[in-house]
Chemist: 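Once you've had a glance at the structure underneath, I'll fire off some questions.
A note on names: the letters A, B, ... follow the listed sequences, proteins ahead of strands, and every chain is numbered from 1. All of these numbers come straight from a predicted model, not from anything done at the bench. These values consider heavy atoms only, across backbone and side chains, with no hydrogens, waters or symmetry-generated copies.
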There are 2 protein chains.
Amino acid sequence: MADELELELDRLVHEPGRLAILTVLSSVRNADFTFLLQVTGLTKGNLSSHLSKLEAAGLLTIDKSFVRKKSHTAVALTSEGRQRIAAHWAQLDRLKQLATAPAPAPTTAPRPHDR
Amino acid sequence: MADELELELDRLVHEPGRLAILTVLSSVRNADFTFLLQVTGLTKGNLSSHLSKLEAAGLLTIDKSFVRKKSHTAVALTSEGRQRIAAHWAQLDRLKQLATAPAPAPTTAPRPHDR
DNA sequence: CCAAACTGGTTTGTGTCACAAACCGAGTAT
DNA sequence: ATACTCGGTTTGTGACACAAACCAGTTTGG
């Protein structure tokens, strides 16, 4: 018993670029492409594909429109997205606790060489 | 000015398996292969390659010996490793702050359609 | 008017890499 | 001797993050 700690991380969310995107969105409600570009430091291509992936996974919505003749992409978390990013930070906190709370057995302490 | 937030993440450390390994090691000082296997939930092959990578990067040392006729692999952080994992958690904390502290401009607010 | 440059993105090509499966050597029962 | 386990390492492969190239439209400038 007490086999495995449940510390699996959500890879979709954990990836640095996406973690930044989602975290920013969680405080801002809606942001446009250009803003995300600046705050995350990602390249355009990169940001674009991360957003597509997150949209496909249902974590955010992408709303395209034209503002002053130019295309404008607004992004916002879905409620699931909001939940997933919050859960991920919670999970990271839990993992971090391992840094101070030793688990099952510190080391399978076999004497250097018995016999 | 105030262009880019410095929120790049150390990919070597950030990868879930390695993050778990390093975090555990940071509290335990020395652990053996089998222990890490249990606590991280990684497969043997996986753990082996992550350890090799971390050793190659100088974040930990791998000490192989024979204990009671069986091979025994002890792993411990180097001081650099200790520093890198601590720095990473600090960096994650910083990123997390974005969830509560809006940066440069919430949204590049272009009026719906001026003239 | 035409072209060059800029804006706001998307698509494509490629190298990296995390993963599990297969393997391996040595020890330990049978 | 044969099979099984223990403690790992190597290998093959699919996924994917990245930047470069591209694209549609707009503004600038001559």
Side-chain angles (χ1 to χ4, degrees), chain A residues 4 7-22 30-57 59-75 105 107-110 113-115, chain B residues 4 7-22 30-57 59-75 105 107-110 113-115:
Chain A
E4 314 162 22
L7 42 69
E8 276 188 50
L9 296 179
D10 185 339
R11 287 189 180 274
L12 178 69
V13 175
H14 192 63
E15 194 283 326
R18 258 121 51 186
L19 187 58
I21 293 169
L22 294 172
N30 66 330
D32 56 29
F33 193 94
T34 310
F35 172 66
L36 289 175
L37 213 48
Q38 288 167 188
V39 66
T40 62
L42 294 167
T43 60
K44 297 184 297 177
N46 226 281
L47 177 55
S48 178
S49 54
H50 282 316
L51 289 179
S52 300
K53 188 163 286 199
L54 290 170
E55 183 186 33
L59 302 202
L60 51 78
T61 54
I62 301 182
D63 189 60
K64 293 173 193 193
S65 60
F66 285 88
V67 175
R68 273 142 144 214
K69 302 282 190 177
K70 302 217 159 188
S71 64
H72 184 254
T73 301
V75 180
T107 184
T108 316
H113 57 86
D114 153 303
R115 194 285 178 274
Chain B
E4 316 160 25
L7 40 71
E8 274 188 51
L9 296 179
D10 185 337
R11 286 189 180 273
L12 177 68
V13 175
H14 192 63
E15 194 283 325
R18 260 131 36 195
L19 188 57
I21 293 169
L22 294 172
N30 65 329
D32 56 28
F33 193 93
T34 311
F35 172 65
L36 288 174
L37 213 49
Q38 288 167 187
V39 65
T40 61
L42 294 167
T43 60
K44 296 184 296 178
N46 225 277
L47 177 55
S48 178
S49 54
H50 281 317
L51 289 179
S52 299
K53 189 163 287 198
L54 290 170
E55 182 185 33
L59 303 202
L60 51 79
T61 54
I62 300 183
D63 189 59
K64 294 175 191 188
S65 59
F66 285 89
V67 175
R68 274 139 144 214
K69 303 284 189 173
K70 303 217 157 190
S71 64
H72 184 255
T73 301
V75 180
T107 184
T108 317
H113 54 86
D114 153 302
R115 198 273 186 275

Chemist: Can you tell me how far apart CG (B:Asp32) and CD1 (B:Ile62) are? Round to the nearest 0.5 Å.
Modeler: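 The distance works out to 12.5 Å.
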Chemist: Where the side chain of A:Thr73 is concerned, which of C:dG8, D:dT9, C:dT11 is the nearest nucleotide?
Modeler: C:dG8
Chemist: May I have the distance from A:Leu36 (atom CG) to C:dG8 (atom P), rounded to whole angstrom?
Modeler: 13 Å
Chemist: Send over the distance from A:Glu15 CD to D:dA15 P, rounded to a whole Å.
Modeler: 17 Å
Chemist: Rounding to a whole Å, what distance do you find between A:Leu37:CG and D:dC18:P?
Modeler: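 Nearest whole value for this atom pair: 13 Å.
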Chemist: At a cut-off of 3.5 Å, list every protein nitrogen or oxygen paired with a nitrogen or oxygen from nucleotides 22-27 of chain D, distance to 0.1 Å.
Modeler:
none

Chemist: Counting only side-chain heavy atoms from C-beta out, which of C:dC19, D:dT9, D:dA17 sits nearest to B:Arg11?
Modeler: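 Comparing C:dC19, D:dT9, D:dA17 against the side chain of B:Arg11, the answer is D:dA17.
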Chemist: Within the structure, does a side-chain N or O atom of A:His50 lie under 4.0 Å from either OP1 or OP2 of D:dC18?
Modeler: yes
Chemist: Below the 4.0 Å mark, does C:dC19 have OP1 or OP2 next to a side-chain nitrogen or oxygen of B:Thr43?
Modeler: no
Chemist: Starting at CG of B:Leu47, measure out to CG of B:Leu37 and round the result to the nearest 0.5 Å.
Modeler: 5.5 Å
Chemist: Between C:dG9, C:dC19, C:dT10, which nucleotide gets closest to the side-chain atoms of A:Lys64?
Modeler: C:dT10
Chemist: Let me know which of A:Asp10, A:Leu12, A:Val13 forms a side chain to side chain contact (heavy atoms under 4.5 Å, CB included) with A:Arg18.
Modeler: A:Leu12
Chemist: For DNA chain C, whose closest nucleotide is more 5', that of B:Pro16 or that of A:Ser52?
Modeler: A:Ser52
Chemist: Could you tell me the separation between the CG atom of B:Leu42 and the P atom of D:dG7, rounded to a whole number of Å?
Modeler: 17 Å
Chemist: Measure the distance from CG on A:Leu47 to C1' on D:dA19 and round it to the nearest whole Å.
Modeler: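 Whole-Å distance recorded here is 14 Å.
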Chemist: Give a yes or no answer on whether the side chain of A:Ser48 reaches the backbone of A:Lys44 with a donor-acceptor pair at less than 3.5 Å.
Modeler: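 Looks like no, no N/O pair under 3.5 Å.
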Chemist: Is there a side-chain contact between A:Ser71 and the phosphate of C:dG8, meaning an N or O under 4.0 Å from OP1 or OP2?
Modeler: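 Looking at the OP1 and OP2 atoms of C:dG8, neither is under 4.0 Å from any side-chain N or O of A:Ser71.
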Chemist: Would you kindly give the CG-to-C1' distance between A:Asn46 and C:dT12, to the nearest whole Å?
Modeler: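 Spelled out: CG on A:Asn46 to C1' on C:dT12 is 14 Å.
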Chemist: Starting the side chain at C-beta, find the nucleotide from C:dT10, D:dC16, C:dC17 nearest to A:Lys53.
Modeler: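 Looking only at heavy atoms from C-beta outward on A:Lys53, the closest nucleotide is D:dC16.
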Chemist: Hey, which of B:Val75, B:Leu42, B:Val39, B:Leu59 is the one that makes side chain to side chain contact (heavy atoms under 4.5 Å, CB included) with B:Ile21?
Modeler: B:Leu42
Chemist: Taking atom P of C:dC19 as reference, at what distance in whole Å does atom NE2 of A:His14 sit?
Modeler: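 My rounded result for the distance is 11 Å.
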Chemist: I need the CG-P distance between A:Leu51 and C:dG9, as an integer number of Å.
Modeler: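 Spelled out: CG on A:Leu51 to P on C:dG9 is 10 Å.
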Chemist: What is the distance from atom OG1 of A:Thr40 to atom CG of A:Leu19, rounded to the nearest 0.5 Å?
Modeler: 11.5 Å
Chemist: Heavy atoms, side chains only, cut-off 4.5 Å: are B:Val67 and B:Ser65 in contact?
Modeler: yes
